[in-house]
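The basis for the numbers below is simple: all heavy atoms, side chains too, and nothing from hydrogens, waters or symmetry mates. Labels below follow one simple rule: chain letters A, B, ... track the order of the sequence lines, proteins then strands, and each chain is numbered from 1.
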Protein chains: 2
Amino acid sequence: MLNERNLAAHQDCESCPIRHRAVCARCETNELERLEEIKYYRKFEAGQTVIWSGDRMEFVGSVVSGIATLTQTMEDGRRQMVGLLLPSDFVGRPGRGTAAYDVVATTDLVMCCFRKTPFEDMMQKTPHIAQRLLEMTLDELDAAREWMLVLGRKTAREKIASLLSIIARRDATLNLRGTEGPLAFDLPLTREAMADYLGLTLETVSRQISALKRDGVIVLQGKRHVTVPDMSLLLEEAGDDADGGVFA
Amino acid sequence: MLNERNLAAHQDCESCPIRHRAVCARCETNELERLEEIKYYRKFEAGQTVIWSGDRMEFVGSVVSGIATLTQTMEDGRRQMVGLLLPSDFVGRPGRGTAAYDVVATTDLVMCCFRKTPFEDMMQKTPHIAQRLLEMTLDELDAAREWMLVLGRKTAREKIASLLSIIARRDATLNLRGTEGPLAFDLPLTREAMADYLGLTLETVSRQISALKRDGVIVLQGKRHVTVPDMSLLLEEAGDDADGGVFA
DNA sequence: CGGTGCATTGATAGGTGTCAAACTGTGTGG
DNA sequence: CCACACAGTTTGACACCTATCAATGCACCG
């Protein structure tokens, strides 16, 4: 299964782009050296499945670059995305043998993987890893709960605006830009993936995006590039406080 | 704010009913002794608010008995329950100053509280606590993601059946009964609270419960006491595998 | 040039929300 | 003890939002 094509070149932890945000963020130099010994990189192409729900988990790891999604599927095919994995996000659950969700690369993806058992051993001995993982898991729990409000109580239009807000905000922080003035970004998801995230059909997603465009809340160049002339207007459409306090 | 009426009698950790499941589950005797020093009990009456979203968190703690809910509210009043807190569940987030959600007692409630700062200090020095909290947080994250599927993709009828399944299952494990044969339990939630949990209106909740009753999936005695003649039938209505693998 | 994947748009149906009224059980005060 | 208020619940009529089914458009590529 592993071959040269998906085994990427080894990279130094010290120069890693997610060094200060991933599960290893708090590790000392000597702890990083121990991690170096059990880590390896893997590449996935856009559309490729990283893990199937129910499969044995051979590894856990961090997203280094690219975007992956976590989805659940019902027997009749209905799907719900339950997580969006961005660079520095952690994949897998220490202490559990099989994957609970499908993990799919939506863009080309590079992961920093640790074989599961050695990582679990190391977690026992390295509080810095467990502490950081707790912090990250608490953040993910908050994000999941925010999303429950979106799924349970928001209208289709508000759902779209909420998703666009999140992507815009993340893009702004990632590129160290403020949230003042017009924002522009690319949608990393297809209409169908957005629908899976929002609990809608892809037709409704398309219609609501067209409506937001028609109303001047967003401007589209092509299908995927979005410009937001006034972020506070978008936040208002999302049903959040215009201050954006929700995700602070 | 604290007075004799909501300050409950001190209780020994060793004889605590949630001793083996709460955040202190892995603590040694000497660690428990240190926890004893910073803990105190508080009682809340049904309907009382434990913490308001945005308030300063003075304490974290465990639910000892009773049930509490975690809810988010939008400016226009729409509400979504994002968590159901049962005995042994943990309340609060170490490392954060203010509450992110409203915590409300839906039944009479007893909590084992720790003042926040001493608890955070102790967590640093006591891996057993941090380890257990990580495990519990991962479980909660899984539960939240399960619920995202319910909110995003299930019909009203399936939502009701899902909620009843969860309550029935929990009740069975709590009382050490198997899931074979008929199950009976009391609903700990009003129709409105169920609606807040399921992302529905209380009218729709009422209608779907009536429909499940009419179809023989459940039997009602009064408004709150439910009997499930055939659990696999209920699970089928919930859209889950009849084996119940989802929550295993 | 046609094929394929993705997206948009239209017509229609169905599920759930909204508004309104009536019912039930419980507790309270006269 | 009864009358009443009140919260919680049930049921009905109707409107509206979103899903469904279907056709078309668009960009990219063999």
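Residue A:Gly199 is in sugar-phosphate contact alone, with no base atom involved, counting any heavy-atom pair closer than 4.0 Å across all strands shown. Residue contacts for B:Arg157: at a heavy-atom cut-off of 4.0 Å it reaches no nucleic acid atom on any strand shown. Looking at heavy-atom distances under 4.0 Å, A:Thr201 makes contact with a base. Using a 4.0 Å heavy-atom distance criterion, B:Arg78 is classed as making no nucleic acid contact.
With a 4.5 Å cut-off on side-chain heavy atoms, A:Asp196 and A:Gln80 do not count as touching. Contact of the B:Leu85 side chain with the B:Ile67 side chain is not registered, since no non-hydrogen atoms from C-beta on lie closer than 4.5 Å. At a threshold of 4.5 Å between non-hydrogen side-chain atoms, the residues A:Met194 and A:Leu187 count as touching. The closest side-chain heavy-atom distance from B:Arg157 to B:Asp215 is below 4.5 Å.
For the pair B:Lys223 NZ and C:dG25 P, the computed distance is 6 Å after rounding to whole Å. The separation between B:Asp196 atom CG and C:dG17 atom P is 12 Å, rounded to whole Å. Residue A:Leu220 contributes atom CG, which lies 18 Å from atom P of C:dC6 at whole-angstrom precision. Taking atom CD on B:Gln221 and atom P on C:dT24, their separation rounds to 18 Å, with Å as the unit. Rounded to a whole Å, the CG atom of B:Leu198 is 10 Å from the P atom of C:dG17. A:Leu200 has its CG atom 14 Å from the P atom of C:dT16, to the nearest Å.
Taking both residues in full, the closest heavy atoms of B:Leu212 and B:Ala161 are given as CD1-N, 4.3 Å, listed atom of the first, atom of the second, then distance.
Nucleotides of DNA chain D that come within less than 4.0 Å of any heavy atom of chain B span, from the 5' end to the 3' end, D:dT9 to D:dA13.
For the residue pair A:Ser165/A:Ser162, the side-chain donor-acceptor check at 3.5 Å is not satisfied.
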(request) Before giving the answer on side chain to side chain contact (heavy atoms under 4.5 Å, CB included), spell out for A:Ile160 and A:Leu198 the whole-Å C-alpha distance, their side-chain angles and the decisive distance to 0.1 Å. (result) CA-CA 8 Å; A:Ile160 298 290; A:Leu198 296 166; 3.5 Å; yes
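A salt bridge does not link A:Arg79 with A:Asp102: none of the charged nitrogens is closer than 4.0 Å to a carboxylate oxygen. Under a 4.0 Å N-O distance rule, the pair B:Glu237/B:Lys154 does not qualify as a salt bridge.
Contact check of residues 202-210 of chain A against DNA chain C (heavy atom, cut-off under 4.0 Å) returns A:Leu202, A:Glu203, A:Ser206, A:Arg207, A:Ser210.
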